[in-house]
Undergrad: 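Take this structure, written in structure tokens, and hold onto it; I'll ask about it next.
Everything quoted here is computed from the prediction, not taken from an experiment. Values below: all heavy atoms of this structure, side chains included; hydrogens, waters and symmetry mates excluded.
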Amino acid sequence: MRRVTYSMGVSLDGYIVGPDGGFDWTAPDEEVFRFWIDEIREVGVHLMGRRLYETMLYWETADQDPSLDEASLEWAALWKPLPKVVFSTTLSAVRGHARLASGGPAEEIGRLRAGPGEGDIAIGGATLAAEAAASGLIDEYRVMVYPVLVGGGIPFFPRHERRVDLELVETRTFGSGVVHLRYRVAH
């Protein structure tokens, strides 16, 4: 069965976006960006909310930017053809290799797991991940912890979450002080 993974950058105090809506502190250096490139290779479909979709739209045409470096071109070549499912109540259409979700996260994940396809089902966005977590659908939490305290904003983990026991699968510390933590949900 395809794994459902939730992976995002997070401040040390647990937020994916600061109180001002900013997340510039998650801009990856070359080493972290290479890690994200390797991670996206394992993904077969990416589920995301409207805000993340709109942020990532840049990559749908980034390959046309002559100033992009080799790593950015590699990311764009992997991201652009990746199937994406966007959850939004305000968008009426999406671009690129994306489609609007026809149901909630549980229905979409159920369809994706039952249908053909390979690779992880990745979730980006705290609100969407909270819905999937509440239904017990997340198999792995992949947390990229940045050495910054932002003091509030949108938390990586929902505050109303039930207890979930985890098994540590992998850790990695980058030269920049960023730490990657990969946990599997214990069953």
Undergrad: In Å, rounded to the nearest 0.5 Å, how long is the span from CG of Leu47 to CD1 of Ile123?
TA: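 So the gap between those two atoms works out to 5.5 Å.
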Undergrad: Please tell me whether Val169 and Phe156 are part of a single hydrophobic cluster in this structure, the criterion being side-chain heavy atoms less than 4.5 Å apart.
TA: no
Undergrad: I'd like to check Val178 versus Pro147 (side-chain heavy atoms, cut-off strictly below 4.5 Å). Are they in contact?
TA: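 Counting from C-beta outward, Val178 and Pro147 do come under 4.5 Å.
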Undergrad: For Gln64, I'd like to know if atom CD has over 12 heavy atoms of other residues, nucleotides or ligands within 6.0 Å.
TA: yes
Undergrad: Tell me the salt bridge (charged side-chain N to carboxylate O under 4.0 Å, His left out) pairs involving residues 96-106, sequence neighbours left out?
TA: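 Sorted result for residues 96-106: Arg99-Glu108.
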Undergrad: So how far is it from Leu91 CG to Leu100 CG, rounded to the nearest 0.5 Å?
TA: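 Nearest 0.5 Å value for the CG-CG distance: 6.0 Å.
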Undergrad: With sequence neighbours excluded, tell me which residues meet ring pair (Phe, Tyr, Trp, His ring centres under 6.0 Å) with Phe35.
TA: Phe174, His180
Undergrad: Heavy-atom distance under 4.5 Å between the side chains of Met48 and Phe87, does that happen here?
TA: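 Met48 vs Phe87: side chains apart.
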Undergrad: Is there any salt bridge (charged side-chain N to carboxylate O under 4.0 Å, His left out) pair reaching into residues 144-153, and which pairs are they, with sequence neighbours excluded?
TA: none
Undergrad: Do other residues, nucleotides or ligands put more than 12 heavy atoms under 6.0 Å from the CD atom of Glu30?
TA: no
Undergrad: Please confirm whether Tyr141 and Phe157 have ring centers closer than 6.0 angstrom.
TA: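 Distance test on ring centres: under 6.0 Å, yes.
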Undergrad: Given Val185 and His187, is the side-chain contact (heavy atoms from CB on, under 4.5 Å) satisfied, shown in steps?
TA: CA-CA 6 Å; Val185 174; His187 294 287; 4.1 Å; yes
Undergrad: What heavy-atom pair brings Pro28 and Trp36 nearest, and what distance separates the two atoms?
TA: CB-CD1, 4.3 Å
Undergrad: Any side-chain heavy-atom pair from Ile40 and Leu82 closer than 4.5 angstrom?
TA: yes
Undergrad: Could you walk me through whether Arg184 and Glu170 pass salt bridge (Lys or Arg N to Asp or Glu O under 4.0 Å), step by step?
TA: CA-CA 9 Å; Arg184 179 181 306 123; Glu170 175 186 7; over 6 Å; no
Undergrad: Take Tyr183 and Glu167 through the test side-chain contact (heavy atoms from CB on, under 4.5 Å) and record every step on the way to the result.
TA: CA-CA 5 Å; Tyr183 288 95; Glu167 300 169 352; over 6 Å; no
Undergrad: How long is the straight-line distance from CZ of Arg2 back to CD1 of Ile121, given to the nearest 0.5 Å?
TA: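 The CD1 atom of Ile121 sits 4.5 Å away from the CZ atom of Arg2.
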Undergrad: Of all heavy-atom pairs between Val17 and Phe23, which one has the smallest distance, and what is that distance?
TA: CG2-CD2, 4.3 Å
Undergrad: Let me confirm one number: the OG1-CZ distance from Thr55 to Arg50, rounded to the nearest 0.5 Å.
TA: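 Between Thr55 OG1 and Arg50 CZ, I get 9.0 Å after rounding to 0.5 Å.
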Undergrad: NZ of Lys84 to CH2 of Trp59: how many Å apart, nearest 0.5 Å?
TA: 12.5 Å
Undergrad: Quick test of your reading: applying side chain to side chain donor-acceptor pair (under 3.5 Å), list the pairs with at least one residue in residues 121-140, sequence neighbours left out, ordered by first then second residue.
TA: Arg3-Glu140, Arg113-Asp139, Glu140-Arg142, Glu140-Arg182
Undergrad: Looking at every non-hydrogen atom in both residues, tell me the closest pair between Ile109 and Ala132 and how far apart they are.
TA: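 Closest heavy-atom pair between Ile109 and Ala132: CD1-CB, 4.2 Å.
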Undergrad: For Asp38, which residues count as a side-chain hydrogen bond (donor to acceptor under 3.5 Å, both in side chains) partner, sequence neighbours excluded?
TA: none
Undergrad: So which atom in Gly175 and which in Glu31 form the shortest heavy-atom distance, rounded to 0.1 Å?
TA: N-OE1, 2.9 Å
Undergrad: Closest heavy-atom contact between Pro83 and Gly44?
TA: CD-O, 3.4 Å
Undergrad: Which atom names give the shortest non-hydrogen contact between Gly152 and Pro19, and what distance separates them?
TA: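 Heavy atoms of Gly152 and Pro19 come nearest at O-CD, 3.0 Å.
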Undergrad: Would you kindly confirm whether Ile138 and Leu168 end up in one hydrophobic cluster when ILVMFWY residues are joined by side chain heavy atoms under 4.5 Å apart?
TA: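 Yes: a chain of side-chain contacts under 4.5 Å links Ile138 to Leu168.
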Undergrad: Can you check side-chain contact (heavy atoms from CB on, under 4.5 Å) on Tyr146 and Val10, steps first, answer last?
TA: CA-CA 6 Å; Tyr146 286 80; Val10 62; 6.0 Å; no
Undergrad: Should the pair Glu74-Arg34 be classified as a salt bridge under the 4.0 Å nitrogen-to-oxygen rule?
TA: yes
Undergrad: Return the CG to CZ distance between Asp120 and Arg41, rounded to the nearest 0.5 Å.
TA: 14.5 Å
Undergrad: Please list all pairs passing the side chain to side chain donor-acceptor pair (under 3.5 Å) test where one or both residues lie in residues 6-15, with sequence neighbours left out.
TA: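 Only Ser11-Asp13 qualify under side chain to side chain donor-acceptor pair (under 3.5 Å).
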Undergrad: Would you please test Glu107 and Arg111 for salt bridge (Lys or Arg N to Asp or Glu O under 4.0 Å) and show each step?
TA: CA-CA 6 Å; Glu107 294 85 7; Arg111 274 194 288 276; over 6 Å; no
